[in-house]
Protein chains: 2
Amino acid sequence: MVKRDEVARRAGVSAAVVSYVMNNGPRPVADATRQRVLAAVEELGYRPNGVARALRSRRTWSIGLVVPDNSNPFFAQLAHAIEDETFARGYSLLVGNASGDAARVESYLRTFQDRQVDGLIVVTNGPTEDLARTYEGRVPLVIVVDQPVRGLAASTVKVDNKEGARLATEHLVSHGFTRIACIAGPRDSAPGRERYEGWQTALRAAGLAAPDSLVRWAEFSLRGGAEAVRELLDSSPAPEAVFAATDLQAIGALRGTADAGVSVPDGLAIVGFDGIAEAEYTVPRLATVRQPVGLMGRRAVELLFRENGGDQVHEVFPLTLVSRGTCGCPER
Amino acid sequence: MVKRDEVARRAGVSAAVVSYVMNNGPRPVADATRQRVLAAVEELGYRPNGVARALRSRRTWSIGLVVPDNSNPFFAQLAHAIEDETFARGYSLLVGNASGDAARVESYLRTFQDRQVDGLIVVTNGPTEDLARTYEGRVPLVIVVDQPVRGLAASTVKVDNKEGARLATEHLVSHGFTRIACIAGPRDSAPGRERYEGWQTALRAAGLAAPDSLVRWAEFSLRGGAEAVRELLDSSPAPEAVFAATDLQAIGALRGTADAGVSVPDGLAIVGFDGIAEAEYTVPRLATVRQPVGLMGRRAVELLFRENGGDQVHEVFPLTLVSRGTCGCPER
DNA sequence: CTGAAAGCGCTAACAA
DNA sequence: TTGTTAGCGCTTTCAG
């Protein structure tokens with residue numbers, strides 16, 4: 001590996017000048033000298049060692065991202081937005097999947113901090129107690145999707161889950177359904193709980209009952225949705241409509257409904273939550289509450305790098321109800 | 001930040017001993033001494049600086065992964081498998097999306113090498129000429145999905161795309177279809193081309209024509225599949241069945257078929273390729289050719305770290321035809 | 001078994 | 001405008 005001193009020798013300058021040229025500063029360099037250095041860099045194929053650079057400058061140009069599971073389209077789309085923004089700013093992303101394992105989150109959080117990342121973004125959909133224990137507070141942290149976490153100096157980016165769920169459910173009510181079920185998330189997930197509460201709120205506002213028999217606490221997965229809807233359809237009286245806490249569950253529910261020989265939306269209307277790309281391509285198309293995932297991802301990165309790093313910001317993004325075939329609205 | 005020397009002072013030992021304890025070597029440490037050091041580490045909350053460590057030891061414990069697009073479920077599932085394996089081995093993953101931009105691939109490749117990654121995995125589905133130019137050969141490289149690349153000292157992991165496509169198409173032939181179309185990938189994608197060739201081969205083997213009018217070169221996306229199938233259904237005579245080069249396109253085609261008012265599989269039978277999780281949840285369920293994505297991801301990491309780094313290995317993984325509702329086979 | 005010290009490749013303060 | 005050099009925090013060789 002060719003290193004700085006070889007370039008300096010070749011260009012007939014000191015090591016410092018090579019550095020000044022590579023970094024465009026902090027000292028100016030005469031144009032003729034700069035050209036000589038750049039020529040030497042080119043000829044030798046010199047590339048500065050990022051590790052040495054990071055050690056000396058105390059800046060790694062990397063940020064750590066922990067997501068629950070990048071195989072979940074919602075998180076994949078969010079991660080992609082985050083990556084676009086970090087790439088545009090010249091940062092690299094260290095990525096870790098929680099894969100439903102709290103110890104793994106902790107491990108990644110520690111490792112990333114040991115690697116001296118310049119910032120940390122954690123996307124959570126489950127319990128967050130461990131976070132406060134593992135986060136050392138040395139670099140900025142932004143939490144996406146979940147609530148502000150107690151005792152943690154972190155900004156957050158989220159949507160109003162309860163309100164979104166309320167909107168979705170209200171829409172089902174407006175279709176005239178009275179037995180509207182809820183496929184909720186795991187009980188230890190804040191978004192899961194909040195979306196359940198929104199469903200409850202909407203039903204009560206409409207003067208409808210929201211009994212436990214209409215609720216299934218399921219995993220945030222295709223299978224979770226499929227199994228939950230089967231149980232709901234097997235109960236009697238069966239629901240006429242269902243609000244699912246995530247699109248993934250809703251798509252699973254679409255499948256489970258077909259398995260039960262029930263048609264959508266006539267036999268069962270369905271509304272999901274998230275607005276993932278796949279929801280536009282189901283048959284029938286999935287009605288959903290769309291999160292502005294691109295905006296949220298980009299904003300998370302902005303918050304991480306904002307000048308005034310001291311104060312925490314808690315941003316709540318707007319939700320859009322998207323009615324499509326599965327809720328009983330005409331397609332298109 | 002507390003550092004090594006403070007720990008040493010606190011424990012009443014030299015800096016070297018702290019290092020020996022933290023790394024379990026390379027020199028042995030008396031048990032009593034080790035306990036004193038560990039106690040000091042604990043009390044002070046010492047965490048070794050990974051950057052300094054990497055500079056000195058010439059090992060970063062990180063590997064770089066470039067994928068075409070992590071929002072694509074196939075690549076997301078592959079990336080997840082790769083991450084499971086790197087995590088198990090104590091490595092962190094730097095992840096970059098190509099996002100269809102060759103310059104971005106190049107940028108990530110350079111950046112990752114500048115950061116002194118211990119290995120590089122590149123997942124490609126497009127042209128690969130730039131790779132050879134950008135890869136410096138200093139760390140091991142494994143290429144996944146695509147062909148071995150000319151002039152590049154890299155191992156590869158892939159499936160026999162042509163054979164898989166042939167299998168899928170042959171299966172459609174066995175259902176008695178004679179007008180079987182092909183939704184192929186972009187022309188500059190090797191897997192796209194090979195899958196097209198497999199379709200062609202199967203048709204010819206069955207004594208059927210494989211005219212260009214039955215082929216649509218589409219993007220590897222939901223939309224690509226939906227648009228392609230609309231064109232095919234609008235042509236006359238319309239095909240009775242279609243082989244799609246990816247499940248994503250096939251799922252898009254499912255949607256496009258519904259838009260055309262044609263039912264699946266009676267009006268149009270469909271078989272995809274990849275075996276993504278989502279394929280099990282479409283209505284009807286998507287028949288496909290499954291790639292062993294978990295195995296492939298893990299194997300890519302194994303190849304990266306294999307002892308005998310010198311020789312290249314080109315592994316071809318087995319494919320499984322999975323018949324489900326969309327090809328006309330009974331569900332389950 | 002433990003300590004002293006060199007040096008990984010670079011940035012930037014200080015000197016010229 | 002350019003050169004000299006300390007030192008980022010650690011691993012590991014060499015002495016003891």
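Just so we're clear, the structure is a prediction, and the values are computed from it rather than from any experiment. Below, read A as the first sequence line, B as the second, and so on, with proteins coming before strands; counting in each chain starts at 1.
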Item checked: B:R53 side chain to B:N23 side chain, donor-acceptor N/O pair below 3.5 angstrom ->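 Side-chain D/A pair, B:R53 to B:N23: present.
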Margin query: Side chains of A:S71 and A:D69 only: does a donor on one sit below 3.5 Å from an acceptor on the other?
Written below: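 On atom types as modelled, these side chains qualify, holding a pair under 3.5 Å.
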Margin query: Counting only heavy atoms and a strict 4.0 angstrom limit, can you tell me which residues of residues 4-16 of chain B come near DNA chain D?
Written below: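 B:R4, B:A16, in order of number.
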Next item on the list: Could you tell me if the ring centre of B:F74 sits under 6.0 Å from that of B:F220?
Entry: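 Ring centroids of B:F74 and B:F220 are no less than 6.0 Å from each other.
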If every non-hydrogen atom of [X] is compared with every non-hydrogen atom of [Y], which pair is closest and at what distance?
X      : Y     : result
A:S92  : B:L94 : CB-CD2, 3.7 Å
B:V95  : A:E83 : O-OE2, 3.8 Å
A:V105 : A:A98 : CG2-CB, 3.3 Å

Between [X] and [N], is there a side-chain N or O to OP1/OP2 distance below 4.0 Å?
X     : N      : answer
B:Y46 : D:dC10 : yes
B:S57 : D:dC10 : no
B:R56 : D:dG9  : no
B:N49 : D:dC8  : no

Checklist line | Given DNA chain C, 5'-ward residue of the pair B:V29 and A:V2, judged by closest heavy atom | finding: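 Mapping each residue to its closest nucleotide by heavy atoms, the 5'-most match is B:V29.
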Next item on the list: Between A:A52 and A:P26, name the one whose nearest nucleotide on DNA chain C is closer to the 5' end.
Entry: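 So the residue in question is A:A52.
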Next item on the list: Could you tell me from which nucleotide to which nucleotide of DNA chain C, 5' to 3', there is an atom under 4.0 Å from chain A heavy atoms?
Entry: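 The protein-touched segment is C:dG9 to C:dA13.
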Margin query: Considering only residues two or more places apart or on different chains, which pairs with a residue in residues 10-25 of chain B satisfy salt bridge (Lys or Arg N to Asp or Glu O under 4.0 Å)?
Written below: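 Salt bridge (Lys or Arg N to Asp or Glu O under 4.0 Å) check on residues 10-25 of chain B returns B:R10-B:E43.
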Check: B:R58 near the nucleic acid: base, sugar-phosphate alone, or nothing, with a heavy-atom cut-off under 4.0 Å?
Finding: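 The residue B:R58 makes sugar-phosphate contact but no base contact.
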Note to self: Is the shortest side-chain heavy-atom distance between B:Q113 and A:R47 below 4.5 Å?
What the structure shows: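 Result no, sub-4.5 Å side-chain heavy-atom pair not found.
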Check: Tell me: OH of B:Y20 to P of D:dC14, nearest whole Å?
Finding: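 My rounded result for the distance is 12 Å.
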Next item on the list: May I ask you to establish whether A:R104 and B:F87 are in a cation-pi arrangement, using a distance under 6.0 Å from NZ or CZ to the six-membered ring centre and at most 45° from the ring axis?
Entry: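 Judged by the rule (NZ or CZ under 6.0 Å from the ring centre, within 45° of its axis), A:R104 counts as positioned above B:F87.
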